[in-house]
Amino acid sequence: MANPPHGGVLKDLLARDAPRHDELEKESETLPAIVLTERQLCDLELILNGGFSPLEGFMSEEDYNGVVENLRLKNGALFSMPICLDISPKFVEALKLKAGGRVTLRDFRDDRNLAILTIADIYKPDKKKEAQEVFGGDPEHPAIKFLMNQTHELYIGGKIEAVNRLNHYDYVALRYTPAELRTHFDKLGWAKVVAFQTRNPMHRAHRELTVRAARDRQANVLIHPVVGLTKPGDIDHFTRVRVYEALMPRYPNGMAILGLLGLAMRMGGPREAIWHAIIRKNHGATHFIVGRDHAGPGKNSKGVDFYGPYEAQEAIEKYRSELGIEVVEFQQMTYLPDADEYQPKNTVPEGVKTLDISGTELRRRLKVGAPIPEWFSYPEVVKVLRESNPPRYKQGFTIFLTGLWNSGKDAIARALQVTLNQQGGRSVSLLLGETVRSELSAELGFTREDRDKNIARIAFVAGELTKAGAAVIAAPIAPFAAAREEARHTVEKYGSFFLIHVATSLEYAEKTDKRGIYKKAKEGAIKNFTGVDDPYEKPTDADLVVDLEKQTVRSIVHEIILMLESQGFLEAAT
Ligand SMILES: Nc1ncnc2c1ncn2[C@@H]1O[C@H](COP(=O)(O)OS(=O)(=O)O)[C@@H](OP(=O)(O)O)[C@H]1O
């Protein structure tokens, strides 16, 4: 039998309310609705499926205060994390929400009604106290930043009736509800299950650690990674799940299974560790691995750790007797090259050689395509990570040429396009000013506002193409520094951006104008013409400055190619 849930009864609201589904669905259509955010959706899913048992809804004021102050619900049960539905006073007023009323909770992704909440109370939390008591009070803590900047002023508490489960479209088969996992453990005949929480890719050390935990306790293993919300900047869950799937065959057959948990983490260290243990208990695990700095957000900007390395383990220890899940303390594993094995760091005798690769070093190696040794990770895991972190020579980039009309930027752009096509390896997209103006921005004129919009559209397209691995060459006039900076910012979310100022002088651009455009502009036939009666703000942040009066198109293209090559974009690593 799987471990009994927290509080004794699995609060599987979906199963409980299934017989009343049609009636509840009908009612949900008639009620005012709150459209849930991504984080609220994650919380709701775990309330609906019993992952947060004994909760049956979002916390009312008494439960909330009890949890913040003493880690206890009103009924005395241990619970360490406030699970609250925040709402703005304006919204409460607009929908005339009040205690006793009923409100539908809706999914923002597909507008489906998921639940009905019967309002117990609407209250103003003491956010300062919550920040201090729950997360430790450092204003740089991500959960405190979220609480202060993104969480609305009021919380709305009340019990929930389930209408529909959340729809997922990724890794659906691996997302087990607590009830499903419990059934699965029973079917497999697993009496003892060690759960392993992670928000990172797993390597050989993690495999050794979990196997060791299983061996010590004569248990099986549940790899239970978080795929809801983790720390900003973490490796995306798509990559991670492919990593876990690649790793699973490395466990002895029948020893371990993989299940995904749609939790929104708070990075709350000690409080979060207790919460994680309760969630795993609800999913049927009997043992839970708690590591060094478990669910901690690392260091603040002054380099100070938000939590002590063993604070989480100490917090758990304090509640050990009532947790109902045995905590297995994580010993950091280290590699002993002479023995070709992993050992807990604290058991390695002095003088014995050990090897480690830090997360930062791993990211560096992935970025530059440097080797990752087999003692550290399995080739199939590294392959997945490399696919998601291709080396520079496989990454997309944007070359953004800015300059006056007839500065030569279009000629350079076209010559660069064919040069890169000749090189091969990437598709090359050319976004000339005139093409964009006719295909994307036909309705725009040449006011500053319209020009800014035009550049923002180019940046959006360039960003998407860069993300997809293309070489993008954009060549608008882009006379304003702020818009160029914004474009850099947009593209750099996905790849590299090079600003090239084609600094050919106005005199030269005018002298070589075979179409008589400058003449027309000077005569007033074209208004707001850049360089004539509209400004051009010279870039101060260009990655390269070129000038067609002093250089040929060929030499400029060569300069750009050399710049790309020097940064690893053109040469395949050996
Ligand atoms: N007032 C004014 N100022 C500047 N340019 C003008 C203006 N009116 C029209 N054109 C023609 O529009 C083309 C330049 O547009 P861009 O998209 O590169 O400009 S911007 O980056 O949005 O500022 C460029 O067209 P092409 O020669 O076809 O490239 C200009 O000739």
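When a ligand or atom number is given, it counts from 1 through the structure's own listing order.
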request  = Verify whether the ring centers belonging to Tyr155 and Phe58 lie closer than 6.0 Å.
outcome  = no
Residues at least two apart in sequence or cross-chain that pass side-chain contact (heavy atoms from CB on, under 4.5 Å) with Val382, listed by chain then number, are Ile372, Ser377, Arg386
Ligand 1 N/O to protein N/O, distances under 3.5 Å:
unit_1   : atom_1 : unit_2 : atom_2 : d
ligand 1 : 1 (N)  : Lys527 : O      : 2.6
ligand 1 : 1 (N)  : Asn528 : O      : 2.7
ligand 1 : 3 (N)  : Arg451 : NH2    : 2.9
ligand 1 : 3 (N)  : Asn528 : O      : 3.1
ligand 1 : 17 (O) : Arg437 : NE     : 2.9
ligand 1 : 17 (O) : Asn454 : ND2    : 2.8
ligand 1 : 18 (O) : Ile477 : N      : 2.9
ligand 1 : 21 (O) : Ile477 : N      : 3.2
ligand 1 : 21 (O) : Ala478 : N      : 2.8
ligand 1 : 22 (O) : Arg437 : NH2    : 2.6
ligand 1 : 22 (O) : Asn454 : ND2    : 2.9
ligand 1 : 23 (O) : Arg451 : NH1    : 2.8
ligand 1 : 27 (O) : Trp405 : NE1    : 2.6

- Item | Cation-pi, Phe108 ring and Arg39 (6.0 angstrom, 45 degrees) | no
- Query: Is there a donor-acceptor contact under 3.5 Å from the side chain of Gln150 to the main chain of Phe146?
  - Reply: no
- N-O pairing of Asp534 and Arg448 below 4.0 Å: no
Show your reasoning for whether side chain to side chain contact (heavy atoms under 4.5 Å, CB included) applies to Lys302 and Glu140. CA-CA 10 Å; Lys302 291 173 210 84; Glu140 286 184 35; 3.8 Å; yes
